[in-house]
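A short write-up of the structure that comes next.
Order of appearance sets the numbers: ligands from 1, and atoms from 1 within every ligand. The first residue in the sequence is number 1, and the count goes up from there. Computed over heavy atoms, backbone and side chain alike; hydrogens, waters and symmetry mates excluded.
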Amino acid sequence: MTSNNYILAVKSASLFGLVLLSACGGASSSGNLTAVVPEGTTVQLALLSTTDLHQNVLGYNYYALAADTSLGMDRTATLISAARTENPNNLLLDDGDVIQGTLLGDFQTAAQPIVCSATLAIHKVMNLLKFDGGSLGNHEFNYGLPFLSQVLNTDLGIAGIFKPGNCGAPNFPTVVTNVNSVSSQQPILKPYALIPKTFAARGPNGEALSVALKVAILGFVPPQIMDWDQKNLAGKVYVNGVVESAARYVPEARAQGADMVVALSHGGLDASDYSPKMENGSYHLSKVAGIDALLVGHSHLIFPRGKEIGAAPLDSALAALSASNVDGINGFVNGVPTVMAQSWGRRLGIIKMTLAFQGGKWTVQTSKTTVESRGFKYTDGTTLVATDPTIAAAIAPEHAATIAYAQQPLGVATDFQMSAYFSLVGDVSAIQIVNQAQVAYVKSFISTSSDATLASYKNIPVLSCSAPFKAGRNGPTDFTDVAPGATAGAPVPLQVRNPGDLYLYSNNNIQAVKIKGVDLKNWLETSANQFAQIDPTRTTEQDLVPSYSTIYNYDVFYAENNALKYQIDVTKPVGARIANLTYNDIAVAPDADFIVATNDYRANGGGNFPGINGSKTILKSPDANQSVVAAYIPKLGKVTRSVNGAASSWSFVKVATAGPVVLRSTPGKLASAQAVGLNRVVSQGDTDTSGYAKYRIDLSQ
Ligand code: MN
Ligand code: MG
């Protein structure tokens, strides 16, 4: 019997008088104290999970300078409070991707990185909400290891990295199990933490008891951080597979006295065969012995879907797993309770579990365990929970400073709306200027390079690609929309906040790859995987884009003078959709040379584009794509639709369909499609249960 199983058996009313027995107690019954948990004792507790908060502290969109009631910790706080009232035995845990995202995040991490004595706004709020523990996501590595060390106030065990002092930091344990220091060969944070909790319990005869449990948390990040943040991590850390890491540390945590083990897995659910390089390895973690619950993330999806969303379409990736021991209604993966709380504070994962003390250890009672990914309208489906006003009060100065930063003028105006509402059906109004900035940067870099190899590339055509990063992934309000009121007659001045809306990821650095025509074709084919295969004969509704979970992999290509053109045939299967690929009106030959301006995520293999794996990279810039866009726009003097937003490089191969084809986007945006002349967007139809409007798309246009 380990010390953690000593208990006090008390009357509920005397809980405040508890004195827990020490580990060396060994006392038997004494009055209403019982030293040892009786067989058959049960405890009900709730694991509360946030994930992928991405610095969404308030329900506020700094790009639009407007409230957004669909996200933000100020409402998550209300969900947390309610869940704690319902479940007095609880732990609140976070799954990573905390410090990056929103203009508030960019401001505190990149534009004016906080000093040691300050605490990131998101960490302030997590401390206020008394989180019990957390782990890391891939985005925690975006600003380098010294900054991560600072904001966690933790020695990462890496030579030359910041030495912790009294820096502002989370005041709860942060763990990571599969990221190791090259120099120390040890995890850069604690690989697990044992969180001591005292819970009300019921003895075998129904008596009120108070039990002390040690809850172990472990944390896992995608091994791909080595590719995605190579600039920050190469030579300093290495990453082990999630299953190997769990197999190493779950038994150790158990041996150290863990009564239950919770895996905080910053990875989604992918039931394909396990590989140590797997990005979304949570499915396989569920099969590691000794893990009692899985709090997962990274995909920004909702799991389980439960009954709240009904048959909403944007979950095909998870629905397809139903045959693989994944219960997407009740929230079990190979029998392990599992929850994913979407992103941006929109949801709170709640695993209500019953543990029974049997055979000297605590065992999860699966039949008495329920899982819910609870949203802001959980009470009746329509009423929004209120904000917790203490959250806004806690970060009022940071909020005000971010708004002031957001409104600084860029010194240039646009005569058109740059939006991503219809970027999946051909609108490039929010993408072309990013591509133009990237082409200009890479051409200049090559033409002024003192490197002989780079200079020798000066006659190779430079293309650029960029994706609609904000195109519905995080809900119906998550779309780029710069200068919505702009018209040719009354241009709208652009501000500092706009480049972040056009290029979301402030951490991406610009890179260029040198590829062949065949690589370009394969790249475009992989981008086109975002589309469903449309059956022209089907009479029932078909979603053109069935999931937005990886919409950042929809690369749209561009060349100066719109010299690159291609079409996508959505009636064809994956891998056979690109048609009429031309450069200067000549079919692109498989062995033609191109240089492509992109970001380090893609150049290093992000998104698994064939052959784009770091081996073709010719240029690694220290400059962020977002900064390059921000620097490019003012130099234009003016931003106009004709020069910066009307050159669509791609279109669909036209096809008439027997039934309706729909694209989900923000309601009320038909005029944005019409302004671009996108007549394939015919009309706005119903709004789905998630709040997206279903726009009818005519693919024969
Ligand atoms: Mn994320
Ligand atoms: Mg992530």
Side-chain angles (χ1 to χ4, degrees), residues 49-57 70-73 76 93-106 109-110 120 122-123 126 134-143 148 174-179 219-230 232-233 239 242 263-270 277-283 285 294-303 314 317-318 339-349 373 467 469-475 478 500 503-508 547-553 599-602 604-608:
S49 168
T50 55
T51 192
D52 296 271
L53 292 171
H54 287 283
Q55 283 269 19
N56 283 278
V57 180
S70 69
L71 54 87
M73 291 288 283
T76 329
L93 303 165
D94 180 79
D95 210 34
D97 277 6
V98 172
I99 72 172
Q100 176 275 338
T102 78
L103 213 59
L104 168 62
D106 290 356
T109 56
L120 287 171
I122 188 88
H123 284 157
M126 292 172 83
S135 186
L136 304 180
N138 50 300
H139 284 288
E140 264 62 68
F141 298 93
N142 290 165
Y143 305 100
L148 181 61
T174 303
V175 298
V176 72
T177 311
N178 67 329
V179 182
F220 304 90
V221 300
Q224 281 74 7
I225 62 169
M226 296 307 301
D227 303 326
W228 302 339
D229 268 313
Q230 187 185 59
N232 296 324
L233 303 182
V239 184
V242 298
L264 309 180
S265 178
H266 192 84
L269 296 165
D270 177 352
K277 281 286 284 178
M278 200 163 203
E279 178 178 348
N280 294 296
S282 300
Y283 175 86
L285 272 181
L294 273 167
L295 310 183
V296 305
H298 183 58
S299 315
H300 294 204
L301 292 170
I302 303 166
F303 186 90
L314 296 175
L318 295 185
V339 76
M340 184 161 10
Q342 201 175 9
S343 61
W344 296 10
R346 291 175 186 277
R347 278 170 192 269
L348 181 70
S373 188
F469 299 117
K470 294 181 72 218
R473 184 177 184 227
N474 296 286
D478 176 30
Y503 200 103
L504 180 65
Y505 298 108
S506 62
N507 54 292
N508 281 357
S547 170
Y548 290 153
S549 66
T550 58
I551 208 67
Y552 49 82
N553 286 331
N599 57 48
D600 51 345
Y601 170 83
R602 180 73 75 246
N604 288 324
N608 293 318

Does D227 come within less than 4.0 Å of K277, counting only side-chain N to carboxylate O?
->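 Between K277 and D227 there is a salt bridge, with a charged N closer than 4.0 Å to a carboxylate O.
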Can you check the number of protein N/O/S atoms within less than 2.8 Å of the Mn ion (ligand 1)?
->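 My tally for this metal is 4.
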Please test N142 against N507 for side chain to side chain donor-acceptor pair (under 3.5 Å), starting from the C-alpha separation and ending with a verdict.
-> CA-CA 6 Å; N142 290 165; N507 54 292; 3.3 Å; yes
Do M73 and I122 have side chains that get closer than 4.5 Å, going by heavy atoms?
->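 Yes, their side chains come closer than 4.5 Å.
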Any side-chain heavy atom of T177 sitting closer than 4.5 Å to one from F220?
->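 The answer is yes, as the side chains (C-beta and beyond) meet within the 4.5 Å cut-off.
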With sequence neighbours excluded, what pairs up with T174 under the side-chain hydrogen bond (donor to acceptor under 3.5 Å, both in side chains) test?
->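 By the side-chain hydrogen bond (donor to acceptor under 3.5 Å, both in side chains) rule, T174 matches no residue at all.
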Name of the residue among N56, D478, N474 meeting side-chain hydrogen bond (donor to acceptor under 3.5 Å, both in side chains) with S343 |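 Exactly one pass, corresponding to N474.
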What are the protein N, O or S atoms, given as residue plus atom name, that sit under 2.8 Å from the Mg ion (ligand 2)?
->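 Under 2.8 Å from the Mg ion (ligand 2) - ignoring waters, which are not counted - the protein N, O or S atoms are D97 OD2, N138 OD1, H266 NE2, H298 ND1.
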Are Y505 and Y601 close enough that their ring centers fall under 6.0 Å?
->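 They do not qualify: ring centres at least 6.0 Å apart.
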Within the distance-only criterion (no hydrogens, no angle test), does the side chain of S282 pair as donor or acceptor with the backbone N or O of G268 below 3.5 angstrom?
->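 Judged by distance alone, yes, a pair lies under 3.5 Å.
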Listing, residues 94-103 side-chain donor-acceptor contacts under 3.5 Å, not counting sequence neighbours, or none:
{"unit_1": "D94", "atom_1": "OD1", "unit_2": "T50", "atom_2": "OG1", "d": "2.6"}
{"unit_1": "D94", "atom_1": "OD2", "unit_2": "G96", "atom_2": "N", "d": "2.8"}
{"unit_1": "D95", "atom_1": "OD1", "unit_2": "S265", "atom_2": "N", "d": "3.1"}
{"unit_1": "D95", "atom_1": "OD2", "unit_2": "T51", "atom_2": "OG1", "d": "3.4"}
{"unit_1": "D95", "atom_1": "OD2", "unit_2": "G297", "atom_2": "N", "d": "3.0"}
{"unit_1": "D97", "atom_1": "OD1", "unit_2": "N138", "atom_2": "N", "d": "3.2"}
{"unit_1": "D97", "atom_1": "OD1", "unit_2": "H139", "atom_2": "N", "d": "2.9"}
{"unit_1": "D97", "atom_1": "OD1", "unit_2": "H266", "atom_2": "NE2", "d": "3.3"}
{"unit_1": "D97", "atom_1": "OD2", "unit_2": "H54", "atom_2": "NE2", "d": "3.2"}
{"unit_1": "D97", "atom_1": "OD2", "unit_2": "H266", "atom_2": "NE2", "d": "3.0"}
{"unit_1": "Q100", "atom_1": "OE1", "unit_2": "H54", "atom_2": "ND1", "d": "3.0"}
{"unit_1": "Q100", "atom_1": "OE1", "unit_2": "H139", "atom_2": "ND1", "d": "3.3"}
{"unit_1": "T102", "atom_1": "OG1", "unit_2": "Q55", "atom_2": "O", "d": "3.1"}
{"unit_1": "T102", "atom_1": "OG1", "unit_2": "L104", "atom_2": "N", "d": "3.3"}
{"unit_1": "T102", "atom_1": "OG1", "unit_2": "G105", "atom_2": "N", "d": "3.1"}

